[in-house]
Amino acid sequence: MVTLRPFHETDTEFFAGMASDERVTRFVGDGQPWDQQTIQDRIRAALQQDPLGTVGSSRWFLATEATEPVGIVVSTRKEEGAEIGYWVSPDHWGRGIAGAMVDSALAVIPEVYGTQKLIARVDPANAASAKLLTRRGFKLETHHAGLDLYTLV
Ligand SMILES: CC(C)(COP(=O)(O)OP(=O)(O)OC[C@H]1O[C@@H](n2cnc3c(N)ncnc32)[C@H](O)[C@@H]1OP(=O)(O)O)[C@@H](O)C(=O)NCCC(=O)NCCS
């Protein structure tokens, strides 16, 4: 069973391991592993708990399986709704963990942000990510800056 809980500063090492792994960042941002400064900056932003109505404010969640960290869900306030992202530790790929994480996120994030509109941006080559969104009712809305934009209303 996969459980989501708020991300803590003590989860930094787990997150840094994923963010510096090129298998994980291949379809994220510019595709390059993150340097230590970027990792620290993003974690600080995620932990500072800006008001949820402020565009750009973010909340992160750690996914655990039998107390072991297996992935993270990130969420960010956008004009149009709440954007979600998800990373699974490569040791655990292909076991349905991302699907379970997104199922939990769908139960939690609309309530956190007070919106029913969820967004995800996916590299068109990221087949596993596109599949898990489509299976959960997300629709491909548009393509922008090299990424497919999926929405769930
Ligand atoms: C994309 C990612 C989250 C998938 O995690 P995962 O736990 O392996 O995914 P799941 O096991 O839940 O699989 C999701 C679906 O994709 C399918 N799938 C898995 N790997 C696949 C692959 N390489 N190609 C095509 N489909 C694949 C699964 O069969 C599953 O579909 P199903 O429900 O029909 O069986 C994971 O690879 C990851 O963290 N990648 C790096 C970060 C990233 O790209 N995040 C997404 C950014 S939008």
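When a ligand or atom number is given, it counts from 1 through the structure's own listing order. Predicted model, so just to flag it, every value in this text is computed and none were measured. Residue numbers run from 1 in the order of the sequence given.
Using a non-hydrogen distance threshold of 4.0 Å, Ser129 registers as a contact of ligand 1. Residue contacts with ligand 1 include Gly94, since one of its heavy atoms falls under 4.0 Å from the ligand.
Among all protein heavy atoms, the one lying closest to atom 46 (C) of ligand 1 is Tyr86 O, 3.4 Å. If you check which protein heavy atom lies closest to atom 15 (C) of ligand 1, you get Ala128 O, 3.8 Å. Distance from atom 17 (C) of ligand 1 to its nearest protein heavy atom, with residue and atom name: Lys131 CD, 4.0 Å. For atom 32 (P) of ligand 1, the nearest non-hydrogen atom of the protein is Arg135 NE, 3.2 Å. Residue, atom and distance of the protein heavy atom nearest to atom 36 (C) of ligand 1 are Trp93 NE1, 3.5 Å. Residue, atom and distance of the protein heavy atom nearest to atom 39 (O) of ligand 1 are Val88 N, 2.7 Å. Protein heavy atom closest to atom 11 (O) of ligand 1, with residue, atom name and distance, is Gly96 N, 2.7 Å. Scanning the protein heavy atoms around atom 1 (C) of ligand 1, the nearest turns out to be Asn126 OD1, 3.8 Å.
Looking at every heavy atom in both residues, Leu106 comes nearest to Pro110 through O-CD, 3.2 Å. A pairwise comparison of heavy atoms in Phe7 and Leu47 identifies O-CD2, 3.4 Å as the closest pair. When all heavy atoms of Leu4 and Met101 are compared, the closest pair comes out as CD1-O, 4.0 Å.
Closer than 4.0 Å to atom 27 (C) of ligand 1 lies at least one heavy atom of the protein. There is no protein heavy atom less than 4.0 angstrom from atom 23 (N) of ligand 1. Atom 41 (C) of ligand 1 lies below 4.0 Å from at least one non-hydrogen atom of the protein. Within the 4.0 Å cut-off (strictly below), no protein heavy atom is located near atom 13 (O) of ligand 1.
Considering only heavy atoms from C-beta on, Arg59 comes within 4.5 Å of Gln49 through its side chain.
At least one donor-acceptor pair closer than 3.5 Å links the side chain of Ser57 to the backbone N or O of Pro51. Not a single donor-acceptor pair under 3.5 Å links the side chain of Asn126 to the backbone N or O of Asp123. The backbone N or O of Thr54 sits nowhere less than 3.5 Å from a side-chain atom of Arg77 that would complete a donor-acceptor pair.
Scanning for ring pair (Phe, Tyr, Trp, His ring centres under 6.0 Å) contacts around Tyr150 gives an empty result, with sequence neighbours left out.
Evaluation of the side chain to side chain donor-acceptor pair (under 3.5 Å) test over residues 108-119, restricted to residues two or more places apart or in two chains, returns Ser75-Tyr113.
Atoms of ligand 1 found under 4.0 Å from any heavy atom of Arg95, numbered from 1 in the order shown, are 11 (O). Less than 4.0 angstrom separates some heavy atom of Ile97 from each of these atoms of ligand 1: 7 (O), 12 (O). Residue Ala127 approaches ligand 1 through these ligand atoms, each under 4.0 Å from one of its heavy atoms: 24 (N), 25 (C). Listed by atom number, the atoms of ligand 1 under 4.0 Å from Trp87 heavy atoms are 39 (O). The Arg121 neighbourhood of ligand 1 comprises atoms 48 (S), with distances under 4.0 Å to a heavy atom of that residue. Near Gly99, meaning under 4.0 Å from one of its heavy atoms, ligand 1 places the atoms 12 (O).
Among the candidates Leu132, Ile119, Leu152, the single residue satisfying the side chain to side chain contact (heavy atoms under 4.5 Å, CB included) test with Phe138 is Leu152.
Taking distance alone, with nitrogen or oxygen atoms compared against 3.5 Å, Val28 stays at or beyond that limit from ligand 1. At a 3.5 angstrom cut-off on N or O pairs, Val24 does not count as close to ligand 1. The shortest N or O to N or O distance between Leu132 and ligand 1 is not below 3.5 Å.
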When you look at Asp21 and Arg26, which way does the salt bridge (charged side-chain N to carboxylate O under 4.0 Å, His left out) test go after all the steps?
CA-CA 9 Å; Asp21 185 327; Arg26 182 170 167 216; over 6 Å; no
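Aromatic pair Phe14/Trp87: ring centres not closer than 6.0 Å.
A salt bridge is defined here as a Lys NZ or Arg NE, NH1 or NH2 lying under 4.0 Å from an Asp or Glu carboxylate O, and Asp103 with Arg136 meets this definition.
Distances from atom 2 (C) of ligand 1 to the heavy atoms of Ala100, Ala125, Ala98 put Ala98 nearest.
Linking ILVMFWY side-chain heavy atoms closer than 4.5 Å, directly or via other members, places Leu118 and Val153 in two distinct hydrophobic clusters.
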